[in-house]
Amino acid sequence: MKRRIPPLPAIRAFEAAARCGSFKKAALELCVDASAVSHQLRLLEDLLAVRLFQRTPGRVTLTPDGTAYFNALRPLLDEMDRITREVSRRTDEEPLAVQTTPAFAARWLLPRLGRFLESNPTIALDLSTGLPPTDLNRDNVDIVVQWGDDPVAGLRIEPFMASTRMPVCSPAFLAARPDLRRPSDLSGDILLRDMVAEGWDEWFARAACVGIHANGPRFAHCELSMQAAESGLGVDLAYRALIEADVAAGRLVELFDIESSAVIIYSLAYRESDGRRRSVIAFRDWLFHETLAGRITTRRAAVSAASPPP
């Protein structure tokens, strides 16, 4: 059966005029003049053989038939708008699969990710977490935020974050140890260890503590050891770049003004052939922009850490 569908310009003019309560306002919204709106509405009324508007000087109101027609059309037009936007997004979207370490995702990326999504609405982001080794083919990803800056054949490696480390614990853990005042007081305490890079021996050397070694549980990566510290299980040697927000919020407490030397902790890894992909470039540029202030802070911290403790 042949559908009886009014011309779309007439439907658009009717919907706008009914919603705005004015031919003039509808014309401004549709970027036409008021006479064009009036013409389309007359065509629609002739087609339907009913009056849709009650016209009075300076104002138009819907007739009962006009109100019924508007109430029936509005959800249909809303659905048409939704479907159109959805199909348009599918056409314009470019997928980007990013894999990061659990700590980087939780401590740094997620609190800032909204800014990337807002400025790149056509990038369809898939975010996952994983641990080394870096293998884009195995994990079916476009970008890996990898630990350190080890070279990987066929991939472009771009370091973007360095950090010092310092001992931290929960406020409750510290409150239960009022005598914990000097680095040497950590001897015999529970020191949480990160299997990827422990670091305690270097820190004790910088703190001029001879013969003290870490004694405590070992965790697969730094996110677990930081969570353990927040839970009051012990003292963690945490990366400053990852826990600044936790310290500011009071979830963790810095114990001493001594930090280890700065090391590169994160790099971007992506295929050389993807170096010109719009989505890859967008994520890379955003990441480097976001970490610029952090890199400046880290360089200052590194200079301070390079000075021997008093």
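What you see below is based on every heavy atom in this structure, not just the backbone, and it leaves out hydrogens, waters and symmetry mates.
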- Leu255 and Cys169: which non-hydrogen atoms are nearest, and at how many Å? CD2-SG, 3.6 Å

- Message: Side chains of Arg278 and Ile123, heavy atoms from C-beta outward: is any pair under 4.5 Å?
- Response: yes

- Can a donor-acceptor pair be found between the side chains of Thr101 and Tyr266 at a distance below 3.5 Å? yes

- Are any of the side-chain nitrogens in Arg107 or Glu223 under 4.0 Å away from the carboxylate oxygens of its partner? yes

- Query: Can you tell me how far the CZ atom of Arg112 sits from the CH2 atom of Trp286, to the nearest 0.5 Å?
  - Reply: 7.5 Å

- Task: May I ask you to check whether over 12 heavy atoms, not counting those of Asn215, lie within 6.0 Å of atom CG?
- Result: no

- So do the side chains of Phe104 and Ile265 get within less than 4.5 Å of each other, counting heavy atoms only? no

- In sequence, state the C-alpha distance, the side-chain angles, and the governing distance for Leu125 and Leu117, and then conclude on side-chain contact (heavy atoms from CB on, under 4.5 Å). CA-CA 8 Å; Leu125 180 68; Leu117 298 176; 4.1 Å; yes

- Message: Both conditions, 6.0 Å and 45 degrees, for the charged tip of Arg177 above the ring of Phe173: are they met here?
- Response: yes

- If only atom types and distance count, is the side chain of Gln146 paired as donor or acceptor with the main-chain N or O of Ser267 below 3.5 Å? no

- Taking every non-hydrogen atom, the tightest pair across Thr100 and Ala105: OG1-CB, 3.1 Å

- Message: Membership question, hydrophobic clusters at under 4.5 Å side-chain separation (ILVMFWY): are Val60 and Phe70 in the same one?
- Response: yes

- Using a strict cut-off of less than 4.0 Å between a Lys/Arg side-chain nitrogen and an Asp/Glu carboxylate oxygen, indicate whether Glu94 and Arg277 qualify as a salt bridge. yes

- Note on the structure: Here the gap from Leu192 atom CG to Ser225 atom OG, rounded to the nearest 0.5 Å, amounts to 6.5 Å

- Shortest non-hydrogen contact from Pro111 toward Ala106: CD-O, 3.8 Å

- Of the non-hydrogen atoms in Arg251 and Pro171, which two are nearest, and what is the gap between them? O-CD, 3.5 Å

- Item | Euclidean distance, Met166 CE relative to Leu252 CG, rounded to 0.5 Å | 8.5 Å

- Item | Side chain proximity check, Arg240 to Glu254, heavy atoms < 4.5 angstrom | yes

- Query: Given side chains that start at C-beta, do those of Trp203 and Phe256 come closer than 4.5 Å, heavy atoms only?
  - Reply: yes

- Message: Please determine whether side-chain contact (heavy atoms from CB on, under 4.5 Å) holds for the pair Tyr69 and Leu44, giving the CA-CA distance in whole Å, both sets of side-chain angles, and the decisive distance to 0.1 Å.
- Response: CA-CA 11 Å; Tyr69 195 50; Leu44 185 60; 4.1 Å; yes

- Query: Are Glu202 and Arg165 close enough, and set up right, to give a salt bridge (charged side-chain N to carboxylate O under 4.0 Å, His left out), and what steps lead you there?
  - Reply: CA-CA 10 Å; Glu202 182 204 349; Arg165 299 173 82 172; over 6 Å; no

- Tell me whether Leu77 is reachable from Leu43 by hopping between hydrophobic residues (I, L, V, M, F, W, Y) whose side-chain heavy atoms are closer than 4.5 Å. no

- Please round to the nearest 0.5 Å and tell me the distance separating atom CD of Gln227 and atom NE2 of His221. 8.0 Å

- Query: Transitively linked via ILVMFWY side-chain contacts under 4.5 Å: Ile281 with Leu113?
  - Reply: no

- Task: May I ask whether Val253 and Ile190 are part of the same hydrophobic cluster, defined by side-chain heavy atoms of I, L, V, M, F, W, Y residues being less than 4.5 angstrom apart, directly or through others?
- Result: no

- Task: Would you name the heavy atoms of Ala282 and Asn120 that are closest together and state the gap between them?
- Result: CB-OD1, 3.5 Å

- Query: Going through the checks in order, is the side-chain contact (heavy atoms from CB on, under 4.5 Å) test met by Leu109 and Val145?
  - Reply: CA-CA 10 Å; Leu109 181 59; Val145 177; 5.9 Å; no

- Stepwise side-chain contact (heavy atoms from CB on, under 4.5 Å) check, Arg4 with Leu47: CA-CA 10 Å; Arg4 190 184 179 197; Leu47 178 66; 4.3 Å; yes

- Task: Determine, using the 4.5 Å side-chain heavy-atom cutoff (strictly less than), whether Met161 and Val196 are members of one ILVMFWY cluster.
- Result: yes

- Query: Given side chains that start at C-beta, do those of Ser163 and Leu242 come closer than 4.5 Å, heavy atoms only?
  - Reply: no

- Task: Would you kindly say whether Asp65 and Thr63 are connected by a side-chain donor-acceptor distance under 3.5 Å?
- Result: no

- Message: Can a donor-acceptor pair be found, under 3.5 Å and without considering hydrogens, that links the side chain of Ser231 to the backbone of Leu233?
- Response: no

- Item | Point-to-point distance, once rounded to the nearest 0.5 Å, from CZ of Phe53 to OG of Ser38 | 10.0 Å

- Can you check whether Gln99 reaches Asp126 side chain to side chain, under 4.5 Å on heavy atoms? no

- Closest non-hydrogen atoms of Ala103 and Cys222, given as atom of the first, atom of the second and distance, are CB-SG, 3.5 Å

- Task: Return yes if some donor-acceptor pair links the side-chain N/O of Asp185 with the main-chain N/O of Arg182 below 3.5 Å, else return no.
- Result: yes

- Message: Please determine whether the number of non-hydrogen atoms from other residues, nucleotides or ligands lying under 6.0 Å from atom CD of Glu272 exceeds 12.
- Response: yes

- For residues Leu186 and Val235, determine if any side-chain heavy atom of one lies less than 4.5 Å from a side-chain heavy atom of the other. yes

- Task: Look up atom NE2 in His213 and atom CG in Leu191, then write down how far apart they are to the nearest 0.5 Å.
- Result: 12.0 Å

- Query: Is the Phe283 to Tyr270 ring centre distance short of 6.0 Å?
  - Reply: no

- Less than 4.5 Å apart, any side-chain heavy atom of Asp274 and any of Ile143? no

